[in-house]
Amino acid sequence: MAVKIKTLSGYIHEYQKSIVNPEDFWRQQAEDFYWRKKCDCVLDWNFKEPRIEWFKGGKLNITENIFERQIYTRKDQAAIIWEPNSPDEDSVTLSYSELFNKVKQFSNVLLQNGVEKGDRVAIYMPMIPELAIAMLACARIGAIHSIVFAGFSSNALADRIIDAQAKIVITSDGAYRGAKKIVIKSIVDAAVEKCDSVKTVIVKRRTGEDVNMVDGRDLWWDDLCQGVSLDNEAETMDAEDPLFILYTSGSTDKPKGVVHTTGGYMVFSSYTFRNVFQYNQGDVYFCSADIGWITGHSYIVYGPLLSGATSLMFEGIPTWPDAGRYWDIVEKHKVNQFYTAPTAIRALMAEGNEFVEKKEMPSLKVLGTVGEPINEEAWHWYHDHVGKGRCPIVDTWWQTETGGILISPLAGIIPTKPSYATLPLPGIKPVIVDAEGKELKGNGVEGNLCIKFPWPGMTRTLYGDHKRFYETYFSTFKGLYFTGDGVKRDEDGYYRILGRVDDVINVSGHRMGTAEVENAINEHPLVVESAVVGYPHDIKGQGIYAFAVCNDLDDSADEEGIIKSIKIGVNNIIGPIARPDKILIVSGLPKTRSGKIMRRILRKIASGDYDNFGDTSTLLDPDIVEEIIDKSKL
Ligand code: PRX
């Protein structure tokens, strides 16, 4: 592996190098890997179309870089340590050679079931090792995996399967989540009913309950693997062949299929993993995310395994059987780097210090956070009580679209500051622009965060909709990739992410489009229209506040009942993560004369701030604001 940055001056030097000659810098990083054919051109790009191609002409397979490239040195080393939901069940360790065999075998299973290079495979599974095996098997045969978080509803799953035209779905019978047992297969059944493209459903047994297996379509994972060869030659992929699609929310109602390609994503996920977490050989690294999100893709599976790391994968939740579950895992497996979300930290902080105080956790060296801004109180609690004051915190800023971390301290190297993601990684050129797109140079400025030069891990397109790709990220500020985040660069040049500036809210570190939730609410037979905004929430960071206008309600209407049924509806249409925390039934929404909802006003009301609504002269009906305020105070 290429040298890791080890000092602050080393960082400054590498950063300079990467900015002066990015192609040379990334070519050097790519030399760590095994390419069946080296690239003809490191970078070809423009942000106008946009077209972004890294390592063009290069041929490789990402799993060959995880396995064949490292197998002689890491054969017996743990690749994945799997910690089950219940502490009473044994954990499972898969060495690099064991994982390799399972991936090769399942690759053969996929091939035998007619999956071909370029086909899309939907994966809807709990956090069990087979989830990682399935995704790596797809990558090995050149199929494009589309993992859907197993908390999404059947409708949301169906939308994603249909958009990607997936041929096959891989799932499990059920899932364990804390004290609950969740049905998975019946959700898949309901989804697949609407999806003509799906020919096969492969089911891994986890909870052992009775499930309905559809003849000619559904097959058991374990039966399929019986007697299947462990020999499998990896497919040759172009550097720019898609590796996976991952759906994420945007400001319109339809989720976007973010596409990541093979070569650049490989180089970037591994480079950022090693440098940010300062992973040393033999360390045990634990990221508590779900593989259904980008953090799990890049920093449970690809980044760590490409770096020869031991990656711990956890099936359960942080608060079951008690709020000490993470700390038990850290002690049991002697975890060295721990990576989680601010929402989990706040939830555990709310449970008091007793669980964490009992644990010394001497193995811990680095703590990480991701997904949403971390408030100072949570940062200090994490630092003092979990890290015992001796572990640097890496507050990593990035997005599904960026493929990997863009702004973050390098652990122990870049001095931290609570709530700051600090400095850009080598190769990353952030710029701050005002509403007109004028670059705000120097320090002590605040505005829209954009990136002005491509990096290898960035998304290349939205699946099947390149026009939308351009419109979403490259049309707001010409020549720049627009992140959708607000940011401040302080007097030291440190970056602090301020949150989304578009109609996206961040609930427990999960991105949620307000339009997506509004559409789900509007499906309710009584709802005429709705508006959804985020508001500050102690644990979730942002909660979902919905204002719903209902048809024909008289004074005797059962508002509580309607609110409950709206919540159930959202649950069914998207999933529990989109369920509004608060719903207010109102007789109208504050709109401008041209019919635009004034969300600014609703955001203030939702956060309990009733003063100074700014310019309200364009309001069509000012009385409505008074009515909403009065009702929200009830
Ligand atoms: O608003 C930023 C926030 O999460 C968004 C990206 O969400 P998603 O694509 O789901 O990916 C989450 C995991 C990478 C960003 O636009 N965000 C992410 N990390 C941070 C953050 N906000 C503040 N600080 C962070 N460290």
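Whatever order the structure lists them in is the order used to number ligands and atoms, beginning at 1.
- Separating the NZ atom in Lys256 from the CD1 atom in Ile245 is a distance of 15.0 Å, to the nearest 0.5 Å.
- By the side-chain contact (heavy atoms from CB on, under 4.5 Å) test, Asp283 is found to be paired with Tyr279, Asn280, Asn336, Gln337, Lys365, residues two or more places apart in sequence or in another chain being considered.
- In this view, Glu53 and Arg51, Lys56 satisfy the salt bridge (charged side-chain N to carboxylate O under 4.0 Å, His left out) rule, not counting sequence neighbours.
- Note on ring orientation: taking the six-membered ring where Trp is involved, the planes of His260 and Phe244 are tilted (angle from 30° to 60°).
- A salt bridge is defined here as a Lys NZ or Arg NE, NH1 or NH2 lying under 4.0 Å from an Asp or Glu carboxylate O, and Asp465 with Lys254 fails to meet this definition.
- Within 4.0 Å of ligand 1, contacts by protein heavy atoms are made from Ile294, Thr295, Val370, Gly371, Glu372, Pro373, Asp395, Thr396, Trp397, Trp398, Gln399, Thr400, Asp485, Ile497, Arg500, Asn506, Arg511.
- For residues 390-412, the side chain to side chain donor-acceptor pair (under 3.5 Å) pairs, not counting sequence neighbours, are Tyr339-Thr396, Tyr339-Trp398, Trp397-Asp485, Gln399-Tyr481, Glu401-Tyr473, Glu401-Arg511.
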